[in-house]
Amino acid sequence: MMKTIDDVAVEGQRVLVRADLNVPLDGDRIADDGRIRASLPTLATLISRGARVIVCSHLGRPGGRPDLKYSLAPVAARLAGLLGQEVDFPGDIVGPRARSAIAALRPGGLVMLENLRFDEAETSKDDMVRGYFADRLAAPVDLYVADGFGAMHRKHASVYDVPLRCVSAAGYLVQAEVVALRQLTAEIQRPYVVVLGGAKVADKFDAFGDLISKADRILVGGAMAFPFLAARGLKTGTSLLEAAQVDAATRYLEQAAPGQIELPSDLVVATEVAADAPRRVVAADAIPADQMGLDIGPESAARFAAAIGTAGTIFWNGPMGVFELAPYAAGTRAVAQAMTDSDVFTVVGGGDTGAAIRALGFAGDAFGHVSTGGGASLEFIQGKTLPGLAALET
Ligand code: 3PG
Ligand code: MG
């Protein structure tokens, strides 16, 4: 078992916690604070043990330069509210303001650094560039705590390079995620049904190769469905679609057993992503040229729910549609409902998917495990080595 914060002395120590506080925003409002809440057990424990806590995270994809749209300031404010204590937010990552805030930290105090991705070194592919940034993050720190499970599949400076330079331990969130998700890498109850959706298609598309060999059925919704529909020769209108993925989808469909990959047979379409846009349900082979699919249709939702109902194990990542807008939430709701109706081991993964189930009023404990990681949980269940976990083990 990995070393956790229970195995290290933290009193008086400067402890850098890499959390994943990448929450969905609606303007500058936090649309769902699930990831902040998920980081509380570790942060509250470190504080109560008298650590000097420095918490860091990314937020969104600002592209390596400061962009106040992606400032962690609202997250710092929400964290302060949830912890019931002041969170010092110097608005800086490794610069002089952060340094002096860290120097001024008292035992039990907490500083939050600004969005790590405001510095392009955080996500650099160049080991030296990341390493230099990691040196600066690690310099004022006695101990590193990995608790940002949702970002542990990223070989980023704060995830991978800092723990190589510091005494490191896992936080409670990472520990709980690993324990729960391991159940999907060992012997699993079949049929094993995987439901995939969401908008970050490029990130997750590679998973199909492996899932075809592991899962009995793969139900595909959200923007993930469009490359497959296109591969079947269907017209996808103005739906989100990366042409480069159509070839890969064609190969996956050939590789899969007949019926193993299930696609939507109907969709809710509209001319734009708007709650008040005129919309209708069309068959998957009849998407109008000027319209986009924004949810799976009712027939598909019923088929997916039926497949989930016969599963022995279920893993779900990625909403079925634009659930944030009520007219396109039914497919996501149907999948969530079918999972909570099931009494087998169910796992829901991802920042957006977790936000979706909460927004639609489902209780987290109605599922076997709600993972804070989408891409991370997907890589974990494929048996891949997550860079953030690998760095903890060295
Ligand atoms: C997520 O939301 O999946 C994690 O926070 C990682 O974010 P990323 O996909 O932008 O690296
Ligand atoms: Mg995500």
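Order of appearance sets the numbers: ligands from 1, and atoms from 1 within every ligand.
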Counting only heavy atoms not in Glu272 (residues, nucleotides, ligands), do more than 12 fall under 6.0 Å from its CD? yes

Could you list which atoms of ligand 1 come closer than 4.0 Å to a heavy atom of [X]?
X	value
Arg154	8 (P), 9 (O), 11 (O)
Asp20	4 (C), 5 (O)
Asn22	1 (C), 2 (O), 4 (C), 5 (O), 7 (O)

Is there a donor-acceptor contact under 3.5 Å linking the side chains of [X] and [Y]?
X	Y	answer
Ser265	Glu299	yes
Glu177	Ser377	no
Arg18	His156	no
Asp147	Ser39	no

Could you walk me through whether Ile54 and Leu113 pass side chain to side chain contact (heavy atoms under 4.5 Å, CB included), step by step? CA-CA 7 Å; Ile54 304 132; Leu113 305 181; 3.8 Å; yes

Does Gly375 have a non-hydrogen atom less than 4.0 Å from ligand 1? no

Closer than 4.0 angstrom: is that true for some heavy atom of Arg117 and an atom of ligand 1? yes

Look at Asp6 together with Arg49 and state whether they make a salt bridge at an N to O cut-off of under 4.0 Å. yes

For atom 8 (P) of ligand 1, tell me which residue out of Arg61, Met152, Arg35 has the closest non-hydrogen atom. Arg61

Between Lys200 and ligand 1, is there a nitrogen or oxygen pair with a distance under 3.5 Å? yes

Do ligand 1 and His156 have nitrogen or oxygen atoms that lie under 3.5 Å from each other? no

Under 4.0 Å, heavy atoms only, figure out whether ligand 1 is touched by the backbone of Lys204, its side chain, both or neither. neither

